Structures are given as structure tokens and as C-alpha cells.
Amino acid sequence: MAAKFETMFQNLYDNPDDPGCILYRTRQLKELKPAVLKPFMTAQPIGVSAAYSKIGYLSALALVTKILEGSHEAKGKWGCLIVEFPAAGGRKGDRPVTPNDQDDSLLQKVFQHQISNIYAFDIAPLAMSLFGDHNLRISNGIDIQSAFPNIVDRNPLKIVHDIVDSRFRVFDENIKSVFRNSDVSDDSENMHNDLILRAWISRTIVDIESASSTFDRVPKVDLAKFPDATLHFLVKREKDALRLEQQKPSQTNHRFQNSRDSQGNYAARALTYKGKFRGDQDIEVTITTGSGTNYVLTGSTASRVDGQSARMVTDESLNSRNVTTIVSVGRDGPTSAQRQRANTLLRILQGEVALIDDNPWIQNIFFYNGSSLVWPLDWHPPSTTQAQFHRNLDHLHMNTSQNTAIQAMLSASSKDHIVVIQGPPGTGKTSVIANYVKTAITSGYRGLWLVAQSNVAVKNIAEKLISYEFTDFRLLVSRDFRYEWHEHLYQKIQTHVIQSDEFSEYLGVRLKGVQVILCTLSMLSNKHIRRFTSFVPLQTLVVDEASQIEVGDYIATFTKFSELRKVCFIGDDKQLPPFGQEEIDSLQSIFEVSHLREKTYLLDTQYRMPPQAGEFISSAVYDNLLKSNPLHPISGDTPSCAFIHADGRESFFNKSFQNDAEMKLVLKLASQLQEKDLSYRIVTPYESQRNLIETSMQESEMQWEDKCFNVDSFQGNEDDYIIISLVRTSELGFLKSLRRTNVMLTRFRRKMYIVTLKEFIQKAGASCLVGRLAEHMGEEAWLTEKDVELGNI
């Protein structure tokens, strides 16, 4: 292990050949004895690191310190202890066993020792895991990255370089490797080595000249100061974030084209936005020689990423090589929103409890005491009269439920600081937002911000505002999303768009007369966002797609914008849930907050689907509360859903499912709709099938751009004709999710074609929503491949 220390920093010791060999022990929590922990009960700093299970529970902990007492051989050397936390059933990745107070008590003495500081990278999830999993409270905890606030991404390698400076050589690749993953590996020895080295780095950098004074300025994490209720609130937020992080894939297999940059150097061009290249990623590039032999080069994209293109940097030139695969190694880094959320919770742990205690949003949403919501008295400025609202609403031609929702959004009453609106598919959620905006601005409201989870939803709101002849808005979008990937989405609203690489410019001219700002919720964490709130204060926040947003994701916004006075949440908890909720059932949207759910406004009439389909969805999903437009151009007697039998089975490819037989029928059907000049889209549950269909459309020289989507990317969208490829033919898989299946089946305005294996739908799939729809439509709804070939669709 001593040799491994030397691979982190060179010449850190007077005698680099003998850096002071550690005393190394591994113990189960129940095996801890006072003698084992004695070296960690001195005044010496302690470096700590953690490993987590696949589902986000604390699995092991490493502690490293200098030994001051004991035998002559031990004094002055590094003492290291790995504590393994048992899991139920003894399986890696399982839940922890119930804490035993006797087992924990010795370790608790270390963490609450008043003269020893605990140093760790990312101490917040560590502290929360210790408390949440084992009821252990850290005192005197120092978050290493907090000493370097200018390093925005909290990258451990950058921190090390900032501390070490030029005094020692830093082996970058070794540092990156040690910090790459913190989850349990099947290779226990390597996992333990990385765990020790992370803790050793945390402890070692404290002793480097001038570093100690830097750390002295960092507020300490002391959980002893917090009541249990607050800690349980914080634990849930941190644990949810940690578990989501652990679910990120540890590598990305890119779909790409070989190309050259402007200087003629090799530059790969990514084919999908989801599989785009990211700056500073480690890569593995497979080269295929002329004889068919494969070999792998390692390297990085070295930040040479521009839109779809990325220059690959390896030890060997790629300019004349046949690159066949490119794999990015390691999880994607946190987004700016994830960083801000983590930073907010860390600040709370470091003593800024006012972010919780004095924040009415957090108190009323997360600490509701069963009585009425309580708001500051100075939050009730003189309000515009309801009569004025009604006069402004007269021209909107909204139905009763829509008007009721808009009036709640406009209300200045204390009971309406939070408004929750449920909008099933096709009920006009975006129209409600657009009408609200026009009425609010006409009524003298200012400071309106409209946000959503996805860029596409934000774009849809912008287009709706323009269709209502409201143009006093700007839409903020990241360059990463728009440039070369989605520029076509913004053609209709080009003059209203401000791209993130323009945020640092003078904005006065572009924001003159602007009264409304649109962006994603994530964009609110952008470092330049205050430049926009100085022109348009964030006083009222309207959140579309709120059912897809985990409620903890709002905490940073609630604590950052003190001028916020009203939030309107619009979504549908019968459609897509927050990402990861299927695997982490503790995740909640605002619709799962029971005391707010009770006051939800329902938009009760859908205008998208023909009544025949609308009535089925109302009965199967919405407890018969959803009405259909009686004036829909497709009458209730006209068949609006067709099932097409595809005689083939799914296959598992590239960690996803695809179905060649369905793909061929989908192409035939799409070709016929294209020939008839009918507007259509293709929707499928699996990304692999989406890629297969899209690639096949390109090869067949069909119109393929903006035609084929997976279900998650198509919520909020619609078209006259929708073709669905179910893919699965044996087990339900995706079809077990009522919410996602509901999204899939509710995108069409005139007719929907579902391509699937008939036997599967009538047997294994009979109980799912698609199977029930097939039964509802009857045998006459089924078509054959011959029907498609003859155009009898």
C-alpha cells in the first residue's frame, strides 16, 4: 500500500522510497474494539472516505490518520481502518441491517471527538449516510471542496492541484481513477485500495504547507446541532440524490460517425444527443486494423467538444485509423442544477439553518404540521380585484375547469401562494399557461418565470404564447442542447431565444420591455441567472411538467430567490414520474405531497383524442373524471385505434430491446402515411428500437428527422397520426408502468396504430393498459400485414 501512496504524488516525503507504511486493518462494524480505534481518538486530523452500495447505502468507510502513540514501529506512520457495514442477507448492494447501538457507540466516539477534525471530499452525503443508515452524527466535519469555492465543479483533481501547486508532481490519471467511482465493486481488494487512497489524500493534503489555514475558514459540519426532524428531512434529500447518482451508467457506448475537424484532425461526430460526447471524459477507442485485429487506446475528449463533434486525444494519432467503437468511462458529471442542490444542502449542514427554519416554502411543503399554511404578513401586497380578473378572462373562451385554474393562478390570496393543477393528456395545460400569462400581464402582474423539466416543454410554451399574440418574453436555453442538436426546434421563436454562451453579454437591449422569462428548472442554477432577475424579478414561478420533477429539486430555488411569492405547479401524476421513481419509490413530485394534493385543481376536459379513445382512458386511468370534447372531428363511432399484428419476437441488443418484425411494419405504415401527406410520428418504449427505426428510415430515404421518439421524450407532444411499436412479445417490461403507457397511448389527434404480436397482447399482455384497450376496441380493430401492404389502414 505504501507504494500505491507514491503513485498519487511524487516527492511528497523526505524519503519517497519509504513514505511511512500504514497499519492496515479491515473490520466489520460489530468487530470494532477500543484498541482498534485508539489511534483515531487523538488530536490528529482524520481523513475519511466512503463506498456506497448500488442502491445508495453506506457499504464501507475508510479512516486514515497519523499514529502518535504505540510501538516504536508504529509511531509516525499512517494508520488506516476500513469499517465494513453489514447488509441484510450479506449481499452487496442490499439494504443495511438495523443499527445496533452497541456496535455504533465506539465509532460514534470518533465522529464526535471534539479535538479531531474529520476531513473528506463530499462530506454531505457521507454525513447523511452515517446518520440515515446507522444513526451516527459527525461533529467537526470539514468538506474539503468548500475551501475552494472558485472550483465550481468541486473536482477532486483540481482541488489537489490547487493545494499541491508545483511543489510535487501529481499523477493525474491515478487521482482520477481513485475518485472515479465510490460504489461497491466485485473486486473487494481494488475497492478497498481506492477507499484507503481517497481517505489518505483527504488526510495528506491537510499537512501541506498553507493548507491548514485554508481549511480553518471552512464552516464545520456538526450534526449534533440539528433536531432529528431536520436531519431526517436532509437525509432524504441527500440519499435520494446519492441513489440517483449511483444509478447512472458507469460507461457510455457512443453511436458516432468518423469525421475530421477544420485542421484535418480526427473528430468523431455523435449521432444522438443522449449519447453525446462530454468534455474531459475518459475514453476507450477501439481500432480495427486491416487484418481485422482489434486493439484499444485510452485517452480523453480533452474538452474539444463542439456540438455533435469531439476531438479524441490519445497517446497515438487516430488520423489514419479505423475507429470502430468509442466508450466513455465513468459516470456523467453532475449538472449545474445537481451541483446547486448539493451545495444548498451542504450549506445547511454547515450551519446556515435559516435556509430551512426561516423559509416559508420549505416549512409549508416539507414540515407541514396539519393546520393551514402559514405565510409572512408582508407577502400580501395590495391585490388587483377579482372583478378585474373576471373582465380579463371574459375573452379567453376557456372551459369552466380551465377558468377556475387560471383564477387560482391569478389570486393574491394567502391560500393561493401554492397552486397545484392536474392536467390529463390533451386538457390544454399549455393553453392555460398562455392565457394566464396574457391575463396576468394585462392585470399589472410582473416578474413571471415559466419553467419546465425539459427544453421541449419550454419551447412548446413559447410557441403557444406566440400563437396567443404574446411576444414580450425571452427563452433561455443552453448552447449544449441547442447548437447542432436542436436548432430546428427554435426556428419559429428564434428572435426570442437567448443562448447560454450569450449570458455574460450586456442584456439590457435584448430584455427591454420583456415581462416574462422561460427556461428549464435546471437553468435557474446557472451562474449568470441573476443578470436576468435584475430585469425580471422571479416573483411568480409557473412550473410545467411538475409531476416529472422530484420535490427536493425545488429546494435550491426556494432558498436562492428571496423575492419569490407564488408558485403554480402544473402536471399530471398519471403521466411520467420523476426520473428514477420506479427504482427509488421514496422519490416524490409535488403531486405526492398529500396536504397539497388535496387542494389540486383538475382540468376535466380533453380535446386531443377522439371520444372513443378518450372515454377508455378516462375509465381506465382517471376514475371517469375526464370528459372528452363532444365536438371532436372524429366522432365516437369512428374507429380511432388499430392494432397491427407483427409476427416476430423482440431481441436484446446494446442493453435494450428491439424488434425487427415490428420495425419493418412500422416503415411500411409510415411510408403510406407519408405518401398520403398525413402528419404522423412514431413512438416506442425502447431507445434501441427508436434507433433501429430511425436508421432504417434514413436508409430507405424516408423523411426521418423529428419523426421517431421514445416515450419519455414525447410527453407533451402530439400529432394527427401516431404509430406505436411496443417491442415486447413475452414479458411486460415497460408495459408494467401505467403512467408511461398512459403517455404512449394519448398522443394522437385522429388515429393511433399499435404494432405488436397479437398473441402477446391477448395473453401475457391482457392485463396491461394496452391489452385492456385492445379488448375495449374489439376484434375488428386488428389489422394484418397484408392490410398494411394493400393500404387498408
Side-chain angles (χ1 to χ4, degrees), residues 252-260 266-277 286 288 292 307-310 322-327 484-489 644-714 717 719-729 744 747 753-757 783-791 793:
T252 301
N253 297 296
H254 298 280
R255 294 179 63 225
F256 66 97
Q257 289 178 335
N258 294 307
S259 63
R260 295 285 184 272
Y266 177 83
R269 189 171 181 83
L271 295 178
T272 65
Y273 179 72
K274 191 174 182 179
K276 66 182 181 296
F277 300 107
T286 302
T288 302
Q308 296 173 322
S309 299
N322 181 23
V323 176
T324 53
T325 68
I326 300 175
V327 177
E484 285 197 347
W485 287 108
H486 302 102
E487 290 170 307
H488 61 284
L489 295 179
I644 303 174
H645 171 64
D647 191 8
R649 299 281 177 173
E650 83 269 28
S651 58
F652 191 71
F653 176 76
N654 196 21
K655 298 184 179 181
S656 185
F657 290 92
Q658 64 184 41
N659 189 315
D660 287 343
E662 287 187 14
M663 177 272 294
K664 293 173 183 176
L665 264 178
V666 166
L667 258 61
K668 290 179 182 178
L669 189 56
S671 179
Q672 291 195 20
L673 295 176
Q674 182 175 308
E675 289 174 4
K676 297 176 185 293
D677 199 25
L678 298 175
S679 182
Y680 75 94
R681 304 287 180 88
I682 301 166
V683 180
T684 185
Y686 297 100
E687 183 65 17
S688 182
Q689 182 75 349
R690 192 205 70 80
N691 288 335
L692 176 66
I693 294 172
E694 185 173 270
T695 301
S696 300
M697 294 179 78
Q698 289 179 262
E699 293 172 349
S700 301
E701 298 185 349
M702 296 176 62
Q703 298 173 9
W704 63 272
E705 291 181 306
D706 200 32
K707 281 295 182 185
C708 193
F709 301 83
N710 63 41
V711 173
D712 285 22
S713 66
F714 205 60
N717 290 291
D719 213 323
D720 288 345
Y721 296 87
I722 295 292
I723 304 171
I724 293 175
S725 173
L726 282 190
V727 182
R728 301 305 292 266
T729 61
M744 182 175 67
R747 302 299 100 196
Y753 302 91
I754 301 175
V755 182
T756 186
L757 180 68
L783 301 177
T784 65
E785 183 175 354
K786 187 173 183 180
D787 289 324
V788 176
E789 290 175 351
L790 296 175
I793 60 173

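Remember, predicted model here, so these are calculated numbers, not experimental data. All values below were derived from every heavy atom in this structure, side-chain atoms included, with hydrogens, water molecules and symmetry-related copies excluded.
- Rounded to the nearest 0.5 Å, atoms CG (N717) and CD1 (I722) are 9.0 Å apart.
- Under the 3.5 Å distance criterion, the side-chain polar atoms of E687 are left unmatched by any main-chain donor or acceptor of S656.
- With a 4.5 Å cut-off on side-chain heavy atoms, D660 and L692 count as touching.
- Shown here for A268 and F256, the closest heavy-atom pair between the two residues is CB-CD1, 4.1 Å.
- Between the CD1 atom of I724 and the CD1 atom of I682 there is a distance of 11.5 Å, given to the nearest 0.5 Å.
- Rounded to the nearest 0.5 angstrom, N659 CG and K664 NZ are separated by 10.0 Å.
- A distance-only check finds no donor-acceptor pair linking the side chain of R728 to the backbone of E650 [under 3.5 Å].
- At least one side-chain heavy atom of V755 sits under 4.5 Å from a side-chain heavy atom of I723.
- In terms of heavy atoms, I326 sits closest to Y266 at CD1-OH, 4.1 Å.
- Taking CG of L783 as the reference point, atom CD1 of I754 lies at 11.5 Å (rounded to 0.5 Å).
- Using modelled atom types, no side-chain atom of S671 and backbone atom of L667 make a donor-acceptor pair closer than 3.5 Å.
- Checked against ring-ring contact (aromatic ring centres under 6.0 Å, His included), F709 has the following partners two or more places apart in sequence or in another chain: F714.
- Side-chain atoms of K707 come within 3.5 Å of backbone atoms of Y680 as a donor-acceptor pair (strictly under, hydrogens ignored).
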Go through the steps to decide whether E785 and D647 satisfy the test side-chain contact (heavy atoms from CB on, under 4.5 Å), and finish with yes or no. CA-CA 9 Å; E785 183 175 354; D647 191 8; over 6 Å; no
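- E694 places none of its side-chain heavy atoms less than 4.5 Å from the side chain of L271.
- When the side chain to side chain donor-acceptor pair (under 3.5 Å) test is applied to H254, the partners found at least two apart in sequence or on another chain are S328.
- Between T325 and N253 the shortest side-chain heavy-atom distance does not fall below 4.5 Å.
- The backbone N or O of T286 sits less than 3.5 Å from a side-chain atom of T324, completing a donor-acceptor pair.
- Side-chain N/O atoms of Q257 and R269 include no donor and acceptor closer than 3.5 Å.
- Side chains of N691 and S688: a donor-acceptor N/O pair is absent below 3.5 angstrom, by distance only.
- The side chain to side chain donor-acceptor pair (under 3.5 Å) search around S259 returns none, not counting sequence neighbours.
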Take Q674 and Q703, measure what side-chain contact (heavy atoms from CB on, under 4.5 Å) needs, and give me the verdict at the end. CA-CA 8 Å; Q674 182 175 308; Q703 298 173 9; 3.6 Å; yes
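- The main-chain N or O of S725 is found under 3.5 Å from a side-chain atom of T684 such that the two form a donor-acceptor pair.
- Shown here for Y721 and L673, the closest heavy-atom pair between the two residues is CB-CD1, 4.2 Å.
- For the pair H645 and L757, the minimum side-chain heavy-atom distance is below 4.5 Å.
- Here the straight-line distance linking atom CD of Q698 with atom CD of E705 works out to 8.0 Å at 0.5 Å rounding.
- Between I793 and D787, the shortest heavy-atom distance links the atoms CG2-O, 4.3 Å.
- The shortest heavy-atom contact between P685 and V711 is CA-CG2, 3.9 Å.
- Interatomic distance, D706 CG to H488 NE2, rounded to the nearest 0.5 Å: 4.5 Å.
- Side chains of D719 and S679: a donor-acceptor N/O pair is present below 3.5 angstrom, by distance only.
- Ion pairing between a basic and an acidic side chain is recognised when a charged N comes within 4.0 Å of a carboxylate O; K668 and E789 show such pairing.
- The nearest pair of heavy atoms linking F657 to V727 is CB-CG1, 3.7 Å.
- R690 and T272 form no side-chain donor-acceptor contact under 3.5 Å, judged by distance and modelled atom types alone.
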